[in-house]
Amino acid sequence: MLKCRAVWKKLAPLARESSTLCRQSVRRAGLNNGRPVRVQVAGMSSGPLGEGGENKLYFLLVAAAGLGGVAYVSICLLSINYLNVTYCVEFKLTFIILWLLVDNSVNSSAVPEPEPQAAPLSQEPSPGAPDAEAVAPSETTEPLPGSLICTDCVSLVFAYCLSLLLSCIVTFMQSLPADSTSASQKILSHAPYLLIGGGTASFAAARSIRARDPGARVLIVTDEPDLPYMRPPLSKELWFSDDPSVTETLRFKQWNGKERSIYFQPLSFYIHPEELNSAENGGVAVLTGKKVIHMDVRGNKVKLDDDTEISYDKCLIATGGVPRNIQAIERAGEEVTKRTTLFRKIEDFKSLEKVSRNIKSITIIGGGFLGSELACALGRRSTESGLEVIQMFPEKGNMGKVLPEYLSNWTTDKVKKEGVKIISEALVKSVSYRDDKLEIQLKDGRLVKTDHIVAAVGLEPNVDLAKSAGLEVDSDFGGFRVNAELQARSNIWVAGDAACFYDIRLGRRRVEHHDHAVVSGRLAGENMTGASKPYWHQSMFWSDLGPDVGYEAIGIVDSSLPTVGVFAKATAKDTPKAATEQSGTGIRSESETEDTAISPVASSAPAPTVAEQKDNYGKGVIFYLRDKVVVGIILWNVFNRMPVARKIIKDGEEHADLNEVAKLFNIHDD
Ligand SMILES: Cc1cc2nc3c(=O)[nH]c(=O)nc-3n(C[C@H](O)[C@H](O)[C@H](O)COP(=O)(O)OP(=O)(O)OC[C@H]3O[C@@H](n4cnc5c(N)ncnc54)[C@H](O)[C@@H]3O)c2cc1C
C-alpha cells in the first residue's frame, strides 16, 4: 500500500502533465493554420501521426485498463472471503492510476473530431488546459515535441503501472492459500472442540458432538486436501464404475446400483472456519491441507505446520495410520519408489487408476483384504485391456492370515478367476529398476518383472503427536493407549485406527476398520460432551472381492486360532450385491448397530460341517476359538446377521456343538 502511495505521488503530476500535453498536441494537430483538419485521434505513441501508432497505443491502454478493471473486479470478488485488505488496497490504487491515465487520454482523445465544414475551433483556453494558449499552433503535421513528451511519459507511467499491477497479482497469487480454508486459520485461534484428522472417526465424532450439543463449534483439522470421506470404496466400487470421470466425481454405484459420493457430506454441510466462532448455532468446520505438528497438552493448544496455534477445550486425536512399506522397496531408490503406490487416500486411487491404464504389468504385494480387493479390481482390467495383474504374498493363499487354509485356498482360486496371477509363498528379497522394468527378486530365487508395484502390507498407526503430547503408545499393538472411555487425558480422546483400547471381552486391542472408526468416533464425541460411556461395542469389518464374494467379520479372526466352519450352498441372494440391495446401503456397517442385536432363533435345518462341504464354500460361518470360547466369527457370503454374531461373542460361553450355534444364522434356510 505504501509502495502504491509513493508511486502515486510520483506519477500523479506526470499523469496530469502528460494529459495536458496530449491535449495540446491534439489541438495543434487539429488546427492547420487556423483551419480545422481531420485529426488523428490523440496520439500516445512516438510514431508519426497519421500512421495509427497512437491509435494502437490508445487501444492498448484502454484494453489494459479494461483488463485491469476485470482483474480488479474478479479479484475483489474472490477477496470477499480470502483476500487480505492490503492487497485489495494495492489493487485499487494501481487500478485507479491506470484508470486516471486512460481517463486523461480518453479525455484528450474525446476532443470532438471536427467535421471539415465546421467552424474553426475556439482559441479559448480550455479550463482543463490553462497553458494551452502558450503554445503556438503548429503549421505542420509532423510529430510535435509536446506530443513526444506526452507519449513517452505516458508509456513509461503505463509500463510502470502495469508492472505494479502484475507484481500485485503475483504477490497476491503467492499469498493465496493452498486450499480454501487456510486463510481463515489466521483468524481462528480457538476451537471448543478440536478434532485432529479428517477421517471416518473424526467425522463420526463431529456428528455425535453436534447431536448432543446442537450449538457446538467443532473444528476438524486434516492434512489431506479433501473433506472427510470414506475409504472402503477406494478399493472396491470405484474400480467397477462405468463413468470415465470417476476419478473426478468420486461418485460410484454401490453394489445395489444406487449412486453416492465417497464424501460423507457435501461442502454445504460445513461452515467456513472463519465463521466457526461467530455462527449463531455453531457448526462443523474443516481446515484442509493443514497438519497438526505439536500438541501442548498443558496449554490446551496445538501447532499447525504453518506455525498457527489453535487452542481447544476438548480435543480428539483421530490420526488413523500410514501404509507400511517393505524394506526392499524403501532401500531400492528413487526409480523404484516412483513406481510404487502405497494405497490409502483419494490421491492414491486417482494416480493408480491412471497408472494402470498406461502400463502393461502391475504387481500387488500383500495378500490381506486390501491387496486382494485391489487385485480383483485390477484383475477386471486384465480382461478389458490386457493388463497383467500379479499378486504375491508370503502366505499360501489369499487372506491367509485371516481365513482357515481351506477357505484361503478356495478364495485364491476365485481371485485367479478374476484374471490375477497369484504368486504365493513369496518373500521379497530385493527390488530394482532395470531396462524400464521393476525386477522383484524373491528369496527362493524367483524373479518377477513388472511396471508398477502396489505395496499393501499393512498400516502403521499414526502416533506422531504422542511425543509432544506426552501420551503413551502401546508397545504391543501400537496406537495411543486410552481408557474404556477412549480417553488419553482428561480432555483428550482418541478414536479409530490410532486408538489402542481395552475391549472388555477380548482384552487390549487396536482395530483398523471402518465400523470401529465410526462407532469409536461416535462414542468419543459423546464422551467429549460429557456422556462418560465405556466403549463396549464389538465392531465388525467386511471385505468384498468384487460384487459376488464378500464376508463380514467380528472379534478376533486370526487363522492361527482353531476354527470351526459350517457351510451351505450359496444362492444368487448370497452376494455382497444382493446384501446391499436388501439393506439399501453400500457401507454395510451403517446398517447395523448394537441396538439391532436380537436374540437369535436357531434354524431347524441340519447344519453340515466343513468336512461335508467338498470344497463348496459358497456361504457359511467360521468360528474362531480361544480356550474353547468363540472370540471371532466370519460370516462368509452371509449378510445382515452381524447382531447374532455379536451376541455370541458378547456372551463368551463355551459351546459343545458349534453346528448348533451355526443354526442361529439360518444359512440353510434360504
Ligand atoms: C482402500 C481402503 C479400503 C478399506 N476398506 C475397508 C473395508 O472394506 N472394511 C473396513 O471395515 N475397513 C476398511 N478400510 C479401513 C477403514 O477405512 C479405516 O479403518 C478407517 O478409515 C479408519 O478411520 P480413522 O478416522 O481412524 O483414520 P483415517 O480414515 O485414516 O483418517 C485419519 C486422517 O487424519 C489425517 N491426519 C493424520 N495425522 C494428522 C495430523 N497430524 N494433522 C492433521 N491430519 C492428520 C490423515 O491424513 C487422515 O486423513 C479400508 C481402508 C482403505 C485405505
Side-chain angles (χ1 to χ4, degrees), residues 196-197 199-201 295 297 316-327 330 342 344 366-371 393-395 399-404 427 455-489 492-521 523-524 527 534-541 543 553-563 624-634 649-650 652:
I196 306 174
T200 307
M295 282 188 84
V297 293
L316 173 76
I317 301 175
T319 47
V322 280
R324 265 189 217 127
N325 202 347
I326 56 171
Q327 281 185 357
E330 277 173 343
L342 302 177
R344 178 99 185 146
F369 75 87
L370 179 59
F393 40 77
E395 299 82 30
M399 293 182 290
K401 281 188 177 163
V402 171
L403 301 179
L427 284 164
V457 291
L459 190 85
E460 226 26 88
N462 191 337
V463 290
D464 289 354
L465 293 170
K467 202 167 172 210
S468 60
L471 297 177
E472 186 183 359
V473 172
D474 190 272
S475 51
D476 293 331
F477 301 97
F480 297 92
R481 270 180 89 98
V482 289
N483 66 15
E485 292 163 14
L486 302 180
Q487 233 170 349
R489 276 179 71 103
I492 298 176
W493 286 259
V494 189
D497 288 6
C500 182
F501 61 98
Y502 182 68
D503 180 324
I504 48 162
R505 285 260 15 103
L506 306 171
R508 198 153 273 281
R509 296 175 74 195
R510 197 174 58 75
V511 175
E512 296 168 3
H513 293 299
H514 180 90
D515 179 52
H516 164 69
V518 171
V519 183
S520 65
L523 184 108
N527 286 348
Y535 184 58
W536 285 349
H537 174 79
Q538 197 53 252
S539 67
M540 56 81 79
F541 75 93
S543 177
I554 190 163
I556 297 174
V557 286
D558 179 341
S559 60
S560 65
L561 292 172
T563 62
Y624 292 75
L625 305 170
R626 195 163 65 190
D627 303 328
K628 296 185 187 156
V629 170
V630 176
V631 290
I633 297 175
I634 283 187
I649 305 266
K650 192 174 175 188

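- Every residue two or more places apart in sequence or in another chain was checked for a ring pair (Phe, Tyr, Trp, His ring centres under 6.0 Å) with Y624, and none qualifies.
- Within the 4.5 Å cutoff, the side chain of D503 has heavy atoms near those of the Q538 side chain.
- The line from OG of S559 to NZ of K401 is 9.0 Å long, rounded to the nearest 0.5 Å.
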Is there a side chain to side chain contact (heavy atoms under 4.5 Å, CB included) between T319 and F480? Walk through the geometry before answering.
CA-CA 10 Å; T319 47; F480 297 92; 4.0 Å; yes
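- Proximity of a side-chain donor or acceptor of D558 to a complementary backbone N or O of S560 within less than 3.5 Å is detected.
- In this structure, T563 and I634 have side chains that are not in contact, with every pair of non-hydrogen atoms separated by 4.5 Å or more.
- Contacts of F369 classified as ring pair (Phe, Tyr, Trp, His ring centres under 6.0 Å), with partners at least two apart in sequence or in another chain: H513.
- In this structure, the side chains of F501 and L486 come closer than 4.5 Å at one or more pairs of heavy atoms.
- Of the inter-residue distances, the one linking R344 atom CZ with R324 atom CZ reads 11.5 Å to the nearest 0.5 angstrom.
- In this structure the side chain of S539 never reaches within 4.5 angstrom of the side chain of V519, judged on heavy atoms.
- Atoms CG and CZ, on L506 and R626 in that order, are 6.0 Å from each other to the nearest 0.5 Å.
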Could you go through N527 and Q487, starting from their C-alpha distance and side-chain angles, then the distance that decides it, and tell me whether this counts as side chain to side chain contact (heavy atoms under 4.5 Å, CB included)?
CA-CA 9 Å; N527 286 348; Q487 233 170 349; over 6 Å; no
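- Here the CD1-CG distance, from I196 to D464, works out to 11.5 Å after rounding to the nearest 0.5 Å.
- The line from CD of E472 to CZ of R489 is 13.0 Å long, rounded to the nearest 0.5 Å.
- Heavy atoms only, all atoms of each residue included: H516 and D497 are closest at CD2-N, 4.4 Å.
- Q327 CD: 12 or fewer foreign heavy atoms inside a 6.0 Å radius.
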Please report the C-alpha distance between N325 and L342 in whole Å, then the side-chain angles of each, then the deciding distance to 0.1 Å, and finally whether the side chain to side chain contact (heavy atoms under 4.5 Å, CB included) criterion is met.
CA-CA 7 Å; N325 202 347; L342 302 177; 3.8 Å; yes
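- Put simply, the side chain of V557 reaches to within 4.5 Å of the side chain of F541, judged on heavy atoms.
- Proximity of I649 to V630: side-chain heavy atoms (C-beta onward) are separated by under 4.5 Å at one or more points.
- Summarising the geometry, atom CD1 belonging to I633 is positioned 12.0 Å from atom CE belonging to M540; distances are rounded to the nearest 0.5 Å.
- The side-chain heavy atoms of R508 and D476, taken from C-beta on, include no pair separated by under 4.5 Å.
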Intermediate values then yes/no, side chain to side chain contact (heavy atoms under 4.5 Å, CB included), L370 and L459:
CA-CA 11 Å; L370 179 59; L459 190 85; over 6 Å; no
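- Between D474 and R510, every side-chain heavy-atom pair lies at or beyond the 4.5 Å cut-off.
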